[in-house]
Number of protein chains: 2
Amino acid sequence: MAVKRVTSQDVADYAGVSRTTVSLVLNNVDNIKISPATRQRVLESADTLGYIPDAAAQTLAGRRSRIIGLILTRRPHHIASDVFLTQILNGLFEIVHENGMRLLVDIVEPQHQKEAYLQMARANRIDGILLSGPRADDEALNALEEDGFPAVLIGQLPGANFCSVDVDNRAAARMAVDHLLNLGHTRIACITNANLSYTAAADRLDGYRQALHSRGLAFDPDLVREGDFDVESGYIQMHDLLEKGAQFTAAFVASDALALGAKAALRERGWRIPEQIALVGFDDLPYAQYLDPPLTTVRISAVELARQASAMLFRVMDGDGPACRQITLDTQLIVRKSCGAER
Amino acid sequence: MAVKRVTSQDVADYAGVSRTTVSLVLNNVDNIKISPATRQRVLESADTLGYIPDAAAQTLAGRRSRIIGLILTRRPHHIASDVFLTQILNGLFEIVHENGMRLLVDIVEPQHQKEAYLQMARANRIDGILLSGPRADDEALNALEEDGFPAVLIGQLPGANFCSVDVDNRAAARMAVDHLLNLGHTRIACITNANLSYTAAADRLDGYRQALHSRGLAFDPDLVREGDFDVESGYIQMHDLLEKGAQFTAAFVASDALALGAKAALRERGWRIPEQIALVGFDDLPYAQYLDPPLTTVRISAVELARQASAMLFRVMDGDGPACRQITLDTQLIVRKSCGAER
DNA sequence: GCGTGTTACTAACACGCGTTAGTAGTATAG
DNA sequence: CTATACTACTAACGCGTGTTAGTAACACGC
């Protein structure tokens, strides 16, 4: 059943050297001289014996696990249709693999975050942490900071001086709503992408508000709904807007996923897009351009976001570079048919 | 900076007992008696000192990492819009957390699979492995089996006697195509969900073929295209079908994601769904019902698939239950408007 | 008073590796 | 010919935990 484990001692015996030498050779420790002949012999021995170092032992002795943790702060069912997440994973794997690392993914309910990832950090299970969807009401983050544990936020948390990679959600939302305003719309509904304790959601809503304000338009709470990550919530909230008789000629839905649901609700009631209702989304998910009509949206390169975040994390872990920085990636309004600007 | 680590020795000293006692108390080892007073004292000491066991040391000493690996056999960019994956993750987290485990996610390119997850297994980095998207040309699986390493496939691999959880892709595809045949269609295009070395893709295509055959219809290669996981490939392949002048009145696209892309290609050419072309997808992704028109599709509960797979893996790891079993989950044809059956 | 149990613990080993300090042996300099 | 330096290694410690074998103290029956 369980095959006898091959240890570095076995390799050493087989090659007729000490275990130390085996370790030095296999880890390519420079500044220490090993004769080419010995080196060769060790490598061959390791190969023929099929030696694979024990991860736990390496971690214990070397004080690093070569694993980084990606922590998602959501309710589990919220990720079930989260294409943004898959894009993040895509970008992450690239950089993580380049650095010979592995990825531990975990999700923590907004309630009991403390134990969850703080434990992983303090147990040395991971060398660094990427936190997606930081929330203002998160307490464990402070503990992480006090520990001086390498962490990078995907998203932002004003106040805390964490390393973070993000887009300017506020400005991006303003840009999207400005576009609708420029097209002559004055009554614009808004469905947020999530609960407002998520900073991204709050910022996007604020961008919406600012855009209205800059044109002297009043913020009307009756035109605003709070979404909840998934397609269904987009459908539900748009349905509710229509049900309550809200009057609007355009809608800004702060996530493409929800925009897809909202679109379905509109169509169900017979509204034509963009002729009767103009629609703008957020994220530019891979399927946005294939919707009917193609969705006007704010492009965020989630893949790039992930690349930058992980690259930054590795810099923090190596201890070089400025200890903490905030990176803000560009966004871009992608005009397609759903807003009515393009014919 | 790096806080001084609190070890179990510290707890022992603080409580005035031996390190062994601390270990026995904290791990709730029964069949060994510890006086309530001592137990209490140890627990309090651990609490006040903020003791958190070192994961690597526990793994090394206890010979298990409490981590299971989810391995995806794809090219990284293929997961960028993979909603099926997020559903799997959703289901997985439930069961994995219930069992006090963690999840290491990794993706391996179809080429060099051997090193990738075989290493993780042999390095004892993970206690068990879930393999999504097994391929017929995978060699490392045999090695895993020889090692007797706990593994469960999400999907199937005929020949190998691995534990697996899957749907009957062949029958499900037959059901979908049968539905189109029953509606009177005789020329039905097919776009597979992926390269045919993925068993799921091959099986679904075979189901399509069987359905045609059972009605005495010939299999026409000109009506078939190979997809590649993402929305875009659905668009491209449907575009190609139309470009080449293929004649058909219905299409079976073996993945909702690709169906979304295919739908866009059809609309671009002015084809109306379902009036001129009937469309059936596969997977029943969360957004399928919100498309325009709502997509007729084969429902697979990815969440349930993941639950069953992980539950089975834990059973294998515990060594109880029948060593190896194949579980086949039910599928269901969800009839919506895109096939033209519903008005 | 002796053997047998039971209770409540502990000493000591094992897990497999990284790494530092040190040591023979040989080459080079003065 | 001795002192210094360099090469090519190795012995031994430490990482922090789980676990087995053992021990002192005490109770009990006869």
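A quick note: this is a predicted structure, and the numbers were derived from the prediction, not measured. Proteins get letters first, then strands, A, B, ... in listed order; numbering begins at 1 in each.
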Would you tell me if any nitrogen or oxygen in the side chain of Ser23(B) comes within less than 4.0 Å of OP1 or OP2 on dG18(D)?
-> yes
Base, sugar-phosphate alone, or nothing: which one does Thr59(B) contact when heavy atoms must sit under 4.0 Å apart?
-> nothing
Measure from the side chain of Lys33(B), starting at C-beta and using heavy atoms only, and say which of dA8(C), dG16(C), dG16(D) lies closest.
-> dA8(C)
Phosphate contact (dA8(C) OP1 or OP2) by Thr38(B) side-chain N/O below 4.0 Å | no
May I ask you to check whether over 12 heavy atoms, not counting those of Arg64(A), lie within 6.0 Å of atom CZ?
-> no
Tell me what Thr21(A) touches on the nucleic acid: a base, only sugar-phosphate, or nothing, going by heavy atoms under 4.0 Å.
-> base
Select base, sugar-phosphate, or nothing to describe what Val17(A) touches, counting heavy atoms under 4.0 Å on all strands.
-> sugar-phosphate
So, is Ser18(B) near the phosphate of dC9(C), with a side-chain N or O under 4.0 Å from OP1 or OP2?
-> no
Could you tell me the separation between the CZ atom of Arg66(A) and the C1' atom of dG18(C), rounded to a whole number of Å?
-> 13 Å
Side-chain N,O (Gln58(B)) to OP1/OP2 (dG16(D)) below 4.0 Å | no
d(CG, Leu26(B); C1', dG16(D)) in whole Å = 13 Å
Return the nucleotide paired to dG1(C): Watson-Crick means purine N1 to pyrimidine N3 with N6-O4 or O6-N4, wobble means G-U with N1-O2 and O6-N3, both under 3.5 Å.
-> dC30(D)
Give the rounded distance in Å between these two atoms: CD of Gln9(A) and P of dA12(D).
-> 13 Å
Residue met sooner reading DNA chain C from 5', once Leu24(A) and Arg41(B) are mapped to nucleotides = Arg41(B)
Any donor and acceptor pair, going by atom type alone, linking the side chain of Arg5(B) with main-chain N or O of Arg122(A) inside 3.5 Å?
-> yes
When you get a sec, tell me which of dG16(C), dC9(D), dG16(D) is the closest nucleotide to the side chain of Ala61(B)?
-> dG16(D)
Could you state the interatomic distance from OG1 (Thr21(B)) to CD1 (Ile34(B)), rounded to the nearest 0.5 Å?
-> 5.0 Å
Does OP1 or OP2 of dC17(C) have a side-chain N or O of Ser8(A) closer than 4.0 Å?
-> yes
Tyr198(A)-Phe229(A) aromatic ring centre distance below 6.0 Å = yes
Rounded to whole Å, the CZ-C1' distance (Arg39(B) to dT7(C)) equals 13 Å
Short side-chain N/O contact to dT10(C) OP1/OP2 from Thr20(B), under 4.0 Å = no
Does Val105(B) reach the side chain of Leu72(B), with side-chain heavy atoms less than 4.5 Å apart?
-> yes
Taking CG from Asn124(B) and P from dA14(C), how many angstroms apart are they, rounded to a whole number?
-> 19 Å
Arg5(A) has an atom CZ; how far is it from atom P of dG16(C), in whole Å?
-> 7 Å
How is Ser35(B) classified with respect to the nucleic acid when contacts are heavy atoms under 4.0 Å: base, sugar-phosphate, or nothing?
-> sugar-phosphate
Test for a donor-acceptor pair under 3.5 Å between the base of dT17(D) and the side chain of Arg19(B), counting only N and O atoms.
-> yes
Spacing between Ile32(A) atom CD1 and dG22(C) atom P, to the nearest angstrom = 14 Å
Do you know which of Asp318(A), Ile129(A), Leu313(A) makes side chain to side chain contact (heavy atoms under 4.5 Å, CB included) with Pro150(A)?
-> Leu313(A)
Identified pairing partner of dG16(D), criterion: Watson-Crick or G-U wobble below 3.5 Å | dC15(C)
Could you give the CG-to-C1' distance, from Asn27(B) to dT19(D), as a whole number of Å?
-> 10 Å
